[in-house]
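Some notes on the structure that comes next.
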2 protein chains.
Amino acid sequence: MDRKTATIQDVARVAGVSTATVSRTLSKPSVVAKSTREAVLDAVAETGYRVNATASNLRRQRTGTVIVLLPNLANPFFSQILAGLASVLTPAQFGMLIADTQSGPDPEERLRHYLTSGQADGLILLDGTLSPEALAIPGRPPVVLACEWLGQDLPSVRVENEKGAALAVGHLARLGHRRIGHVTGPRGNVLTETRLEGFRSALGNLGLPLREDWVVEGDFSMDSGAAAGRAWLTMQDRPTALFLSSDEMAVGFLGEVQRAGVLVPEDVSIVGFDNIEIAQHLSPGLTTIRQPRTQIGVRAAELLLAMIETGSLTGPSELIEVEFIRRGSAARPPHEV
Amino acid sequence: MDRKTATIQDVARVAGVSTATVSRTLSKPSVVAKSTREAVLDAVAETGYRVNATASNLRRQRTGTVIVLLPNLANPFFSQILAGLASVLTPAQFGMLIADTQSGPDPEERLRHYLTSGQADGLILLDGTLSPEALAIPGRPPVVLACEWLGQDLPSVRVENEKGAALAVGHLARLGHRRIGHVTGPRGNVLTETRLEGFRSALGNLGLPLREDWVVEGDFSMDSGAAAGRAWLTMQDRPTALFLSSDEMAVGFLGEVQRAGVLVPEDVSIVGFDNIEIAQHLSPGLTTIRQPRTQIGVRAAELLLAMIETGSLTGPSELIEVEFIRRGSAARPPHEV
DNA sequence: ACAAAGAATGTAATCGTTTACAAGAGCGAA
DNA sequence: TTCGCTCTTGTAAACGATTACATTCTTTGT
């Protein structure tokens, strides 16, 4: 009997009503009579009926899917954001289609593809490297930018990046550092630029020198952090402290210089950004700026659902607070010679 | 004109053929005449037609979705497996619905839900804690177990866990360790048990003592690794080396004991399992057993697609090789007193 | 008593594909 | 010529829901 899953027809037959009534009972219970409603619900229970999402979506001209586009699936930074997204989208009966922009050849082309494919009712974009023009597509579904943002008017969820940089620099300055360097993310990335700008203006406000040779370009990855570590090791005139634009890079930097015999924080202080899980498990613990990643995901999903609901392409943006987390990787500078 | 996306009807009209021919051109090009095929493809290009996946899925009685069920989305260990899965499923026009078992109250209930919901054509299960009975559901879609396995007869992709444990212990023994401990995953997990079994028999084969008080239970997380570190610190009679069932735990252990002033590998040697990205960036670098995670994802997806294709509920299992990675966290034991 | 409004339900079109089946065209063999 | 192939293409019926519109049955005001 249970061979095939029951359809709405089966329920209608068992309940002795039309399919329309069954459908109404399930979507707008208030419009059907109490007795009918009960009969239908009994029939649903008896047959084990579950609505066929594909058919429903076809008829309602929606897909029940949102696409989440991120730079790199293998980056642990995103997993908690995904968890936040899922916690909102799943109860709302939306599936998440997860795709990364970096695995293919042309990231913007991929974005365009997803926007025109009609495969999804909305898109959440976690990659700020893409240019705003890629979103200028007529008839595209609503988009929410999380963590990053392209134009001013696009709905987004972002964190106080400039303030985070200022907190990091302020902490180092308060410890007595006057020679502070920075390891950036990839150039062109909005996060990179904003944090760099925050770094610059914080230095300025504190009357500290900005040395361009102490600003090293990275790409948020551990490998690039390790490369920055090697660069620092070979500098003749080194900064005594560094602010790194991501914890991943801080991890790479830390390991690299430690393996070279450098003591942290005795010889050099470092401050990261993100507060990924490992930050507290390093030795020394990594001083950093916390981003509430689950919350970013939650808010982005809520924003997008609201837009899908109303069919609007615009919406509010949200700014999420960062928090300074003090651990052991930043201390007073080595004694001046 | 571009108001609504073009349908197959529009293409048919432009190309001067029937919708059936358009459909065939797109799915089985070989059966249509060359000239017709070209006319259709021109019309497709002209109209910007893209097949409506929802309609296609409805007609073909599939969902175009596979569910990936993992213990915890926020665990970086899984992200590369996801990347591997995506690299196979995306080209095959399947979306991935990602869900975790731990966020809700009853994991087995969630699994049951997904199996009966008919929301997916298949399921990939990355959580070996669930009991086999949960899969005994008539009419369920095909399931592939990745990393873990419940019954013998279910198709799965797994790695040589016992051998990995043996490699770890063998390496430590060769370095001269005779007092070797183990930090396990959560009890009841298949991975945990298999690696523990591998650990036990390796010790036996090498004629080394098995001390139950040197076997500490963890749960694969960094936190539990740190807890194991604290446990080790308080032991009166300590092992000189530990094999930890996951790199995450090794990271937690390492940080904890280092912060207590212990030197690794001078005072204690450790070997992890997984070779997650950070392993090479720690100081010292983490000696570990590599699991090719992307490959695990790729093979699991391929297996599942084959089962979906043939409508079969059974299939082959695959055993993937592990590799010993020597880094700096394991060395000769401290000089005997 | 009857018209009008309201409540509950049924009828049937529709969403955009895929595909079983039918049918037409062309061709060689008997 | 006629039959039986093969090769292409078209016709039309699904797939399983939702919903505008029509219909029936009550109820209420005058």
Side-chain angles (χ1 to χ4, degrees), chain A residues 3-41 43-44 47-65 93 116-121 139, chain B residues 2-41 43-44 47-65 93-94 117-121 139 308-309 311:
Chain A
R3 288 275 103 160
K4 306 291 171 196
T5 44
T7 73
I8 200 172
Q9 316 274 358
D10 301 323
V11 179
R13 196 177 323 114
V14 170
V17 299
S18 74
T19 62
T21 300
V22 176
S23 179
R24 278 188 288 254
T25 306
L26 266 23
S27 53
K28 288 186 295 185
S30 63
V31 305
V32 308
K34 183 147 172 281
S35 58
T36 325
R37 193 189 318 150
E38 285 164 357
V40 169
L41 293 180
V44 166
T47 54
Y49 170 71
R50 317 198 66 131
V51 354
N52 179 319
T54 308
S56 171
N57 287 336
L58 173 60
R59 175 57 225 243
R60 292 161 64 195
Q61 295 284 74
R62 60 163 232 170
T63 65
T65 300
Q93 291 272 50
T116 54
S117 70
Q119 289 187 21
D121 300 322
Chain B
D2 261 19
R3 289 275 105 162
K4 306 290 171 195
T5 45
T7 73
I8 200 173
Q9 317 273 358
D10 301 323
V11 179
R13 195 178 325 113
V14 171
V17 299
S18 74
T19 62
T21 300
V22 176
S23 179
R24 278 189 286 254
T25 306
L26 266 25
S27 53
K28 288 186 296 185
S30 63
V31 305
V32 308
K34 183 148 171 281
S35 58
T36 325
R37 192 189 318 151
E38 284 164 358
V40 170
L41 292 179
V44 166
T47 55
Y49 170 71
R50 317 198 66 130
V51 359
N52 178 320
T54 308
S56 170
N57 286 337
L58 174 60
R59 174 58 224 243
R60 292 162 63 195
Q61 294 284 76
R62 58 165 235 172
T63 64
T65 300
Q93 291 272 49
F94 277 88
S117 70
Q119 289 187 21
D121 301 322
I308 291 175
E309 188 78 22

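Numbers restart at 1 for each chain; the letters A, B, ... are given by sequence-line order, proteins then strands. No experiment lies behind these values; they were computed from the predicted model shown. Side-chain atoms are counted along with the backbone in the values below, which use heavy atoms only and exclude waters and symmetry mates.
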message: Output the rounded distance in Å from CZ (Arg13(B)) to C1' (dT9(D)).
response: 19 Å
- request: Select base, sugar-phosphate, or nothing to describe what Thr7(A) touches, counting heavy atoms under 4.0 Å on all strands.
  value: sugar-phosphate
message: Please confirm whether the shortest side-chain N or O distance from Ser56(B) to OP1 or OP2 of dT17(C) is below 4.0 Å.
response: no
message: Could you work out, with salt bridge (Lys or Arg N to Asp or Glu O under 4.0 Å) as the rule, every residue matching Lys34(A), not counting sequence neighbours?
response: Glu38(A)
task: Note the angle between the end axes of the helix from dA1(C)-dT30(D) to dA30(C)-dT1(D), five pairs defining each, rounded to 10 degrees.
output: 60°
- request: Looking at every strand, decide which applies to Arg62(B) at a 4.0 Å heavy-atom threshold: base, sugar-phosphate, or nothing.
  value: nothing
- prompt: For dG16(C), does OP1 or OP2 lie under 4.0 Å from any side-chain N or O of Tyr49(B)?
  reply: no
- request: For Asn57(A) and dT18(D), give me the distance from atom CG to atom P, rounded to whole Å.
  value: 10 Å
Pairwise N/O distances under 3.5 Å, protein to nucleotides 23-25 of chain C:
none

field: Flag side-chain contact, heavy atom, 4.5 Å: Asp121(B) against Thr63(B)
entry: yes
message: Between P on dG10(D) and CD on Gln9(B), what's the gap in Å once rounded to a whole number?
response: 13 Å
- line: Each nucleotide of nucleotides 9-15 of chain C classed B (base within 4.0 Å of a protein heavy atom), S (only sugar-phosphate) or -, in 5' to 3' order, makes BBBBBBB
statement: For Arg62(A), the salt bridge (Lys or Arg N to Asp or Glu O under 4.0 Å) test, sequence neighbours excluded, returns none
message: Quick one: does any side-chain atom of Thr25(B) pair with a main-chain N or O of Thr21(B) as donor and acceptor, under 3.5 Å?
response: yes
- prompt: Who are the side chain to side chain donor-acceptor pair (under 3.5 Å) partners of Ser56(B), not counting sequence neighbours?
  reply: Arg60(B)
